[in-house]
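Data first, discussion second: the structure below is written as structure tokens.
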There are 2 protein chains.
Amino acid sequence: MGLRERKKEKTRLALLDAALDLFLEQGYETTTVEQIAGVVDVSSRTFFRYFSSKEHLALWWHDHGEEIMQECLRDRPLDEPPFTSLLHCVRAVIADMRNSTPEDTDRFLKVRKLYENNPMLVGRAVARGSQTELRLVEEVARRTGRDPATDQLPALIVGFAMAAMRVGFECPGQEITDLAELTGRMEATLVVVEASFRPGWDLAA
Amino acid sequence: MGLRERKKEKTRLALLDAALDLFLEQGYETTTVEQIAGVVDVSSRTFFRYFSSKEHLALWWHDHGEEIMQECLRDRPLDEPPFTSLLHCVRAVIADMRNSTPEDTDRFLKVRKLYENNPMLVGRAVARGSQTELRLVEEVARRTGRDPATDQLPALIVGFAMAAMRVGFECPGQEITDLAELTGRMEATLVVVEASFRPGWDLAA
DNA sequence: TTGTCATCTGTCACTCCCTGACATACATTA
DNA sequence: TAATGTATGTCAGGGAGTGACAGATGACAA
């Protein structure tokens with residue numbers, strides 16, 4: 001990896017960290033792009049070359065998680081019930097969080113705190129991930145031989161799985177200072193979810 | 001109702017209709033507030049006095065639906081399982097759509113079409129409704145004697161119910177020109193949802 | 001009818017988000 | 001070291017959204 005790429009990555013992470021800290025200090029809305037760029041000593045224009053929008057920063061982990069889910073889904077056996085597959089994908093996201101660097105660990109916790117302070121950001125994450133969600137629906141439909149145009153079940157399966165992941169990640173109203181605590185809660189949520197559905201519901205006629 | 005209020009309501013609806021038509025004709029992003037205001041012959045400043053944002057227009061039905069859900073939940077018997085209560089609330093929203101004026105009927109169909117063309121707007125709706133969703137979680141927790149801070153079940157219950165409503169309303173990839181078709185699909189989705197959960201899951205220990 | 005009062009509206013000026021274009025500075029590679 | 005490609009800063013500008021102020025228009029009482 002050349003000097004150029006190293007510098008880019010460094011700037012990218014510096015922007016991300018500066019933004020997360022400012023968001024938590026003085027609020028998401030009141031923090032301007034100019035401020036964030038100022039901390040890292042780059043121009044606002046450069047900021048937008050690294051992150052397509054201010055939102056993009058706050059939704060950093062979400063983008064990453066969606067990639068993992070898509071990859072993971074492709075690797076699941078075809079005869080596995082689709083909802084089970086998706087919960088495996090959520091667990092893959094959790095595993096990735098567990099295997100992350102200490103720096104990324106801090107970022108996960110900060111993002112969670114940010115979501116707690118700004119619940120609307122969760123919705124913005126849904127908005128940003130709408131394309132991915134559609135692709136997941138397509139994939140689930142393909143794997144189960146269903147037509148997503150006339151059959152809402154694939155959309156329901158994906159919708160429920162994503163809702164489960166969000167609820168697990170948010171942990172509203174709790175002081176969470178440890179990644180293990182966060183991932184533990186996410187796991188616990190998945191266990192509750194698994195016990196909530198009727199066996200075979202995601203393969204119903 | 002005085003002339004003043006009638007004029008206001010007229011302007012409000014004119015803005016809404018002009019916006020929906022423009023959104024469907026030339027796209028949501030490319031339509032400017034100035035254009036919408038221009039059609040109705042008011043200033044952009046006045047537009048923002050009627051709708052707090054451009055998004056607010058597109059999310060008109062969503063705001064309305066959330067109000068109904070909150071009211072409805074309060075009227076449900078306390079001994080009813082919470083998820084069942086919420087599905088009743090969704091049905092109250094559907095009933096309201098069925099009882100709406102022909103003008104509102106057109107608007108429902110246009111909004112649905114708009115969501116189909118711009119899936120990210122669904123997420124924006126989630127973002128806008130995040131406060132309401134939190135209140136629903138609080139209410140479900142209160143009614144079931146749970147602590148939303150340590151117990152994710154209330155959040156899951158609400159998350160699943162809202163996901164069900166969204167999936168039913170979206171009807172991705174389908175030509176829908178009739179309100180009865182739309183409400184029928186939403187009902188059908190709810191029936192699928194009701195059959196998917198294990199009895200008593202929303203009261204689990 | 002008229003005058004007063006409340007409210008609605010338009011204009012203006014402003015901040016912030018975000019983008020395209022262009023010139024410059026820098027890293028890479030030969 | 002020279003040539004090339006990429007990253008950055010500056011500048012200009014559009015669109016969303018807001019605060020302040022003045023003028024227009026309904027509401028209402030005398």
Side-chain angles (χ1 to χ4, degrees), chain A residues 1-16 18-20 22-23 25-60 62-63 114 118 120-121 123-125 127-128 131, chain B residues 1-16 18-23 25-60 62-63 114 118 120-121 123-125 127-128 130-131:
Chain A
M1 205 197 256
L3 169 60
R4 191 165 231 149
E5 288 192 55
R6 261 182 292 134
K7 261 180 109 171
K8 268 185 75 173
E9 193 59 18
K10 209 172 134 193
T11 305
R12 180 179 193 79
L13 293 176
L15 282 171
L16 180 58
L20 288 180
L22 283 173
F23 290 162
E25 271 173 41
Q26 56 178 35
Y28 175 76
E29 301 286 355
T30 49
T31 301
T32 70
V33 170
E34 205 173 341
Q35 282 181 308
I36 301 167
V39 173
V40 186
D41 221 60
V42 296
S43 69
S44 302
R45 190 65 187 85
T46 296
F47 170 91
F48 285 109
R49 287 197 254 258
Y50 281 91
F51 296 93
S52 58
S53 69
K54 186 174 150 185
E55 253 181 45
H56 190 181
L57 272 173
L59 274 37
W60 155 80
H62 200 269
D63 280 16
L114 181 61
N118 305 73
M120 45 86 76
L121 281 177
R124 313 294 270 219
R128 188 174 179 81
Q131 296 300 330
Chain B
M1 200 197 255
L3 169 60
R4 190 162 230 151
E5 288 193 56
R6 263 184 289 133
K7 259 180 110 170
K8 269 184 75 174
E9 193 59 19
K10 208 172 135 193
T11 305
R12 182 179 189 80
L13 293 176
L15 283 171
L16 179 57
L20 288 179
D21 287 337
L22 283 172
F23 290 162
E25 272 173 40
Q26 56 179 32
Y28 175 78
E29 299 286 355
T30 50
T31 301
T32 70
V33 170
E34 207 175 357
Q35 281 182 308
I36 301 168
V39 173
V40 186
D41 221 61
V42 296
S43 70
S44 302
R45 191 65 186 86
T46 296
F47 170 91
F48 285 110
R49 289 191 176 104
Y50 280 91
F51 296 93
S52 59
S53 69
K54 187 174 149 185
E55 253 179 46
H56 191 181
L57 273 173
L59 276 36
W60 156 79
H62 201 269
D63 281 16
L114 180 62
N118 304 72
M120 44 86 78
L121 281 177
R124 313 295 272 220
R128 188 174 181 79
S130 56
Q131 295 301 332

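Please read these numbers as outputs of a predicted model, since none were measured by experiment. Here is the naming used below: chain letters follow the sequence lines, and residue numbers restart at 1 for every chain.
- Each of dG9(D), dC16(C), dG17(D) was ranked by its minimum atom distance to the side chain of T32(A); first place goes to dC16(C).
- If you check dG17(D), dT10(D), dC17(C) against the side chain of F48(B), the one that comes closest is dG17(D).
- What separates CZ of F51(A) from C1' of dC16(C) is a distance of 19 Å, to the nearest Å.
- When the C1' atom of dA16(D) is taken as reference, atom CD of E29(B) falls 12 Å away, rounded to whole Å.
- The side chain of K8(A) places an N or O atom within less than 4.0 Å of a non-bridging phosphate oxygen (OP1 or OP2) of dA7(D).
- Atom C1' of nucleotide dG17(D) and atom CD1 of I36(B) are separated by 14 Å, given to the nearest angstrom.
- If you check distances only, the side chain of R45(A) does reach the base of dG20(C) with a donor-acceptor pair under 3.5 Å.
- Applying the 4.0 Å criterion to OP1 and OP2 of dT8(D), one finds that Y50(A) has a side-chain N or O inside that range.
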(request) Spell out protein contact along nucleotides 23-30 of chain C as letters: B when the base is contacted, S when just the sugar-phosphate is, - when no protein heavy atom is under 4.0 Å; keep the 5' to 3' order. (result) ---BBS--

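- Between E34(A) and S44(A), the side chains place no donor N or O within less than 3.5 Å of an acceptor N or O (distance only, hydrogens not considered).
- Projected onto DNA chain D by closest heavy-atom contact, V33(B) and R49(B) fall at different nucleotides, the more 5' of which corresponds to V33(B).
- In this structure, CG in L15(A) is found 12.5 Å from CZ in R49(A), a value given to the nearest 0.5 Å.
- Rounding to whole angstrom units, CG of residue L57(B) and P of dA16(D) are separated by 11 Å.
- If you check every strand for non-hydrogen atoms under 4.0 Å, T30(B) touches nothing.
- Between the C1' atom of dC18(C) and the CD atom of E55(A) lies a distance of 12 Å, rounded to the nearest Å.
- Distance check: K7(A) NZ to M1(A) CE gives 15.0 Å after rounding to the nearest 0.5 Å.
- Across all non-hydrogen atoms, the minimal contact from H56(A) to D63(A) is NE2-OD2, 3.3 Å.
- Put simply, NZ on K54(A) is 8 Å from C1' on dC16(C), counting in whole angstrom units.
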